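What follows is a set of notes on a single structure, which appears directly below.
These numbers were taken from a predicted model, which means no experiment stands behind them.
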Amino acid sequence: MKEENVLIDKIEADWVIVEVVDKNTGQMFRRNLPVGYLETDNGIVLTGEAMDGTTTHINFLSEAALAKINDLLGKGPDKARCDTKEDVNHV
């Protein structure tokens with residue numbers, strides 16, 4: 001049976017494993033944390049609980065997502081992304 005490359009659009013988990021190396025001792029520590037994890041082509045979202053019990057999120061945006069946001073805010077390039085014969089200043 002051939003293995004097919006499966007395109008994964010989204011990765012989700014209810015727990016994450018964090019490995020750190022202490023900068024003073026060089027020892028490695030591994031922890032299982034109850035952190036929600038969501039990864040798409042737009043980046044990674046970590047969801048957890050703040051000290052007061054409210055839900056909190058940390059978003060790590062991909063370069064592609066940042067480019068999209070800059071385009072929406074008018075901070076993108078002043079030329080078309082693809083080859084076009086239309087005048088970019090034409091509305």
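With sequence neighbours left out, the side chain to side chain donor-acceptor pair (under 3.5 Å) criterion links Asn42 to Lys68. Contacts of Glu19 classified as salt bridge (Lys or Arg N to Asp or Glu O under 4.0 Å), with partners at least two apart in sequence or in another chain: Arg30. Annotation: side chain to side chain contact (heavy atoms under 4.5 Å, CB included) contacts of Lys10 (sequence neighbours excluded): Glu12, Leu38, Thr40. With sequence neighbours excluded, the residues forming a side chain to side chain contact (heavy atoms under 4.5 Å, CB included) with Val16 are Val18, Leu33, Val35, Tyr37, listed by chain and number. Scanning for side chain to side chain contact (heavy atoms under 4.5 Å, CB included) contacts around Ile69 gives Leu61, Leu73, with sequence neighbours left out. Judged as a salt bridge (Lys or Arg N to Asp or Glu O under 4.0 Å), and not counting sequence neighbours, Arg31 has no contacts. With sequence neighbours left out, the side chain to side chain contact (heavy atoms under 4.5 Å, CB included) criterion links Asn24 to Asp22.
Looking at every heavy atom in both residues, Phe60 comes nearest to Leu46 through CE1-CD1, 3.7 Å.
Clustering ILVMFWY residues whenever any of their side-chain heavy atoms sit less than 4.5 angstrom apart, transitively, puts Ile44 in the very cluster that holds Ile8.
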Cut-off 3.5 Å, no hydrogens considered: what does the side-chain donor-acceptor table look like for residues 48-58, sequence neighbours left out?
residue: Asp52; atom: OD1; partner: Thr54; partner atom: N; Å: 3.1
residue: Asp52; atom: OD1; partner: Thr54; partner atom: OG1; Å: 2.7
residue: His57; atom: ND1; partner: Thr47; partner atom: OG1; Å: 3.1

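In the hydrophobic clustering, where aliphatic and aromatic side chains (Ile, Leu, Val, Met, Phe, Trp, Tyr) are joined below 4.5 Å either directly or transitively, Val21 groups with Met28.
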